Protein chains: 4
Amino acid sequence: MQTHDPPKRVAIVGASGYSGEELVRLLLSHPGVELASVTSRQYAGRSLAKVFPRFAHHEAARRLSFAEPQAEALAGQAQIVFLALPHGVAAEFAIPLLKLGCRVIDLSADFRLKSAAVYKEYYGRDHPAPELLNQSVYGLPEIYREAIRQASLIAAPGCYPTSILLPALPLLRAGLIQPGNIIADALSGVSGAGRKAEPEYLFAECNESMRPYSVPRHRHLSEIEQELSLAAGAQATVQFTPHLIPVNRGILTTLYLTPADPGASASELSEKVFSCYHTAYGAEPFVRLLEGAALPDTKNMAGTNVIEIAWRVDPRTRRLVVMSAEDNLLKGASGQAVQCMNLLCGCAETAGLV
Amino acid sequence: MQTHDPPKRVAIVGASGYSGEELVRLLLSHPGVELASVTSRQYAGRSLAKVFPRFAHHEAARRLSFAEPQAEALAGQAQIVFLALPHGVAAEFAIPLLKLGCRVIDLSADFRLKSAAVYKEYYGRDHPAPELLNQSVYGLPEIYREAIRQASLIAAPGCYPTSILLPALPLLRAGLIQPGNIIADALSGVSGAGRKAEPEYLFAECNESMRPYSVPRHRHLSEIEQELSLAAGAQATVQFTPHLIPVNRGILTTLYLTPADPGASASELSEKVFSCYHTAYGAEPFVRLLEGAALPDTKNMAGTNVIEIAWRVDPRTRRLVVMSAEDNLLKGASGQAVQCMNLLCGCAETAGLV
Amino acid sequence: MQTHDPPKRVAIVGASGYSGEELVRLLLSHPGVELASVTSRQYAGRSLAKVFPRFAHHEAARRLSFAEPQAEALAGQAQIVFLALPHGVAAEFAIPLLKLGCRVIDLSADFRLKSAAVYKEYYGRDHPAPELLNQSVYGLPEIYREAIRQASLIAAPGCYPTSILLPALPLLRAGLIQPGNIIADALSGVSGAGRKAEPEYLFAECNESMRPYSVPRHRHLSEIEQELSLAAGAQATVQFTPHLIPVNRGILTTLYLTPADPGASASELSEKVFSCYHTAYGAEPFVRLLEGAALPDTKNMAGTNVIEIAWRVDPRTRRLVVMSAEDNLLKGASGQAVQCMNLLCGCAETAGLV
Amino acid sequence: MQTHDPPKRVAIVGASGYSGEELVRLLLSHPGVELASVTSRQYAGRSLAKVFPRFAHHEAARRLSFAEPQAEALAGQAQIVFLALPHGVAAEFAIPLLKLGCRVIDLSADFRLKSAAVYKEYYGRDHPAPELLNQSVYGLPEIYREAIRQASLIAAPGCYPTSILLPALPLLRAGLIQPGNIIADALSGVSGAGRKAEPEYLFAECNESMRPYSVPRHRHLSEIEQELSLAAGAQATVQFTPHLIPVNRGILTTLYLTPADPGASASELSEKVFSCYHTAYGAEPFVRLLEGAALPDTKNMAGTNVIEIAWRVDPRTRRLVVMSAEDNLLKGASGQAVQCMNLLCGCAETAGLV
């Protein structure tokens, strides 16, 4: 009986960025765990309540102060450690924490790829712990639920990958679309860039601006194609164009997909897609399949861990257009990481997320 | 010598919407024409300066009052009449104005299509004056410059079509891409919906929202495919997904294009595209081809009549990705209409637009 | 023991506006009550989940459909009824619901004033049920907690009044400031205008706009001065200037106050104000007194029922400047109404609000 | 005849910030001057067109490259030099440029104060060139027009001071209001903070945020009180509260003023204020006095050099409430500096600004 166990103690390393702050928010109110430690070099010594006034009504936020990140100290305080650190830095903490017996949920890209060669290709340096790549589990609960329960190292997916993978994976598994001909056009809110003081993310540079970036080869392509290929049983190739949009939160992705069977009629394809999605996600608490004329809107997802999915088979072009919306900091980052933690802990999967 | 001619008198019918207001702004300061009349049922009797305080420093705005729209009166006051009216209403004014000898620049969709059957298919009713469809000239100066000079009826393109056609037409004319396999993913600011008091365009419904709409068959597809097909000499088919984005102004379009020659290498294709664009637009005052690492950003286009175009050949996918940015109310509507008027009047094409 | 009682059944009349929607959100997740009915003329017959997709993961939202508002039916379904209706309409429902034995929490202005004459002066018509004005309790829990517990009719305050009254009332009660010399400069997000399809609240009219309105005599002055005068024991007079600001949510109010004792030094006054606020609000769960250099920021309050208050005694001017921030739909409307309901029901005052 | 003179050559030192960029925009299109040099340490060697794509259609922007700032070189290239530099840095350039015979228009605060002691009090350091303080002219053309024509050193006012001084000065000169009892509540867009990469100005920190800052003693108080006192012939004291608002551009200021004559009726005061403003500003090209029910809105001023002013005498409180709106980068900075330059050069005062 989980209710008789003492609550698991958890820590957040790098709690001052946007996804770290969102983890703080979720874990302060989580019914099944206790937030035991938060670290931040920048804010070390200051209380959570001072740095983030919006949490000041939580007794724990007034009590808990940011510490310098230090693996031994963390392992003494927490059984589960979240890493909300930049790519490259996360691995430096994951390695000792795992040795010290912690279970680690990493929000960076450091352990998402299975291949150290692909890592080097996309991130431009040797992987610091290639032996851990096969041990890590990609933290997409709808796909890897059972593996996550047992994992010691979880690599939580990025915000763009989640918005592409959840809509595309069931279609590839069912063989309904061509893996080599996938286009993903994605729009992200500015919090996706992190709390980095760079001129291009200043208010007056983003407001009234819409702009593509990292065309045609964004780093997240590596994990997207890895997961799509696993589902397809064949090499998947994705054309991915991210855009920066002046909203705080949200990812809206539009996928352009080509049916595997060119002979199928639009209505046959529609039926198969409907059936495929309802089989895959009909019982999922955090995937919502839109019906009727409804189309996704990020404002409906803001503050929730839900991803919305809608689709249309276009009888004129014979293409399948799939659209998804999510909160980039929740289902696209911290909410999904907590969903993984719930599986890890034996909590209800939705605990602290509804 | 144009400077010895008296300035042409122009009128705007429906001057109270966003594109009408933008026409007012451009024409009040235009060196070669005189704004002689503005109409608005809603504001009839009130001065331009009262309805639009931002124009109050113009003497003409204090003098000129909105009138009820009436064709005979307009024909007595102006030689050129802009129609900034809803689809369907514009034709009612165009027909008598043309008979009365005015030259008409229509910003609605009423005269953009060459086929009355396609009009009925997309707009759901019989065209009110099918005999005018062949007489009208599609008002894209970079493509139809000479015809515009002679036209009595100009159908100024919509904001989405401009953002798609200018990047795509030279490629189709040059046979570089497949006409049947075009994807256009487009983002529009909210002014594109017009000054309509509908709940879905309220501030609190649009702010922090990103959402697709009219999927998969937006009305503007009809004029887009018409013009692309003319350029290709074959039926073009477009997958078009518009999205509503919380900015006042701007359209950002990303095109996914498939090379016509599957055997060409990425670098060969790059060279051909570069050459094609520079031949087509190197001397155009309102098309800017971006170089180096630069990508389009709508905020750089706001308030200008310029469209920015950048492109990338993706060696991984062998696709051509083309991106364009424009101000939806200028190059996407009123600025382009004034550019057409300049051609019509024998003014410098850039008069009043720089 | 409240946990052994069956949960109270509650209804929302007018659940389709912004404050109605926010009530739905709060009550769907409230641990102590059951949302038994929601009404909306516009959406009658459609489920909550369809109209508001963001609630679709709640089982109750999928089950519950909007009904036409009808007093007898409501009284049969609910013990407590929230009225989220326009001013004037609310009274029409409150009167029969009270007769039928319901307890009513009205979010409109209909029962906030004690004087029918002042109502007529500010709202331009005779009050429909003047006999209820003395029976109603002004729903500011920090001030009228005990009366609210016993009330059958609660008039929940407006968003501007809450942002002014909570900072000003303790100072007036303690005689620290002059009641006749109060200036309140307030900034409101656009959701404060309601979900009304009027051109002035369109995205493109509000974005990039800052503007005052209803100067110098906004209707809410009537309830503001009523409550301030009651606290002061003398007529209070307020200069109130509301401004519309392009954010979805939030009110930021800056008060300019003149000390009652002109001879007191700045440091004496500072001490008295500190002591006054800590005595009044030190134990309040939804009032946060900012310390040190911190100043209020509406983004920290968004989504919470908390009001933040900071103050400065200016040694140069001898004035007291007090600043408050709140979420206009929560502490400024629906959150506060639920706080009142918690008192009414005997729930913990913070139930469903943290 | 100015048209026969060769155009004056002008330079901008620090052309990469927001007000520098706006100066570039205005001067590239100015009919009476030639932009001869722009400097920026950060962008030295790159062309204006590359750094600011929005200017790329100007031939001069493609030709002109940013240089390292160097006084002798500047004096060789330009007769008039704009300094768009941080406070403190501007003086370092002004001193040698003046010696080398340039006329200098400084947009920083370095030469706005007449008293080196007040400078030290507010800016925390000794003034680097106190002997220049009396030589400099405060660059508010509506007040100091004749002195500006003759000045060698112009200190262009800050954005907040302009929004307060233009509404308040005529009232003080006419003795209509008390100088010791002025409250100024001001709202600023984020570009007012400059193009500084600091976390508090990131998009996700400003969007959906409204917040006061620098309470109760902002540095600009020093120049505000200096100018008000000069107009009043007595010490003016101002309570000033700036707020940061999520718009790119604009300042909206609300002034709370107390009539000097407590015995005057509201209608008498109204008449006097009307007369005072129309006498002061009736013929000013860049001040617009609003009539009837109109109130200022920053979106109407964006992109213009105009300040809008409206006022109300409140019969309930006997106070005068005055509201102003301006574009902080134009009438609040660069537009006003160009207006000064026009006076300096003998150009029409509105040249390049309408």
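If you're wondering where the values come from, they're calculated on a predicted model, not measured in any experiment. Naming: A, B, ... by sequence-line order, numbering from 1 per chain.
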State the [atom1]-[atom2] distance between [X] and [Y], to the nearest 0.5 angstrom.
| X | Y | atom1 | atom2 | value |
| --- | --- | --- | --- | --- |
| Thr237(C) | Arg318(D) | OG1 | CZ | 12.0 Å |
| Asp297(D) | Glu208(C) | CG | CD | 11.0 Å |
| Ile183(C) | Asp185(D) | CD1 | CG | 9.5 Å |
| His243(C) | Leu187(D) | NE2 | CG | 5.5 Å |
| Thr241(C) | Leu295(D) | OG1 | CG | 10.0 Å |

In terms of heavy-atom pairs under 4.5 Å with chain C, which of Met301(D), Arg249(D), Arg312(D) leads? Arg312(D)
Does Glu225(C) come within less than 4.0 Å of Arg316(D), counting only side-chain N to carboxylate O? yes
Would you sort out whether Lys299(C) and Asn207(D) count as a side-chain contact (heavy atoms from CB on, under 4.5 Å), showing the intermediate values? CA-CA 8 Å; Lys299(C) 75 168 178 282; Asn207(D) 188 37; over 6 Å; no
Chain C heavy atoms under 4.5 Å from Val321(D): which part of the residue, side chain, backbone, both or neither? side chain
Interchain contact, [X] with chain D, by part (heavy-atom threshold 4.5 Å):
| X | answer |
| --- | --- |
| Leu244(C) | neither |
| Asn181(C) | both |
| Ile245(C) | side chain |

Near [X] [atom1], under 6.0 Å, is it more than 12 heavy atoms from other residues, nucleotides or ligands?
| X | atom1 | result |
| --- | --- | --- |
| Glu121(D) | CD | yes |
| Glu271(C) | CD | no |
| Tyr213(C) | OH | yes |

Heavy-atom distance under 4.5 Å between the side chains of Arg211(D) and Leu252(C), does that happen here? no
Hey, are the side chains of Val247(C) and Ser209(D) touching, using non-hydrogen atoms and a 4.5 Å cut-off? no
Check: Met210(D) main-chain N/O paired with Thr298(C) side-chain donor or acceptor under 3.5 Å: yes
Return the option, out of Pro296(C), Pro246(C), Gly180(C), Pro212(C), with the maximum number of heavy-atom pairs under 4.5 Å with chain D. Pro212(C)
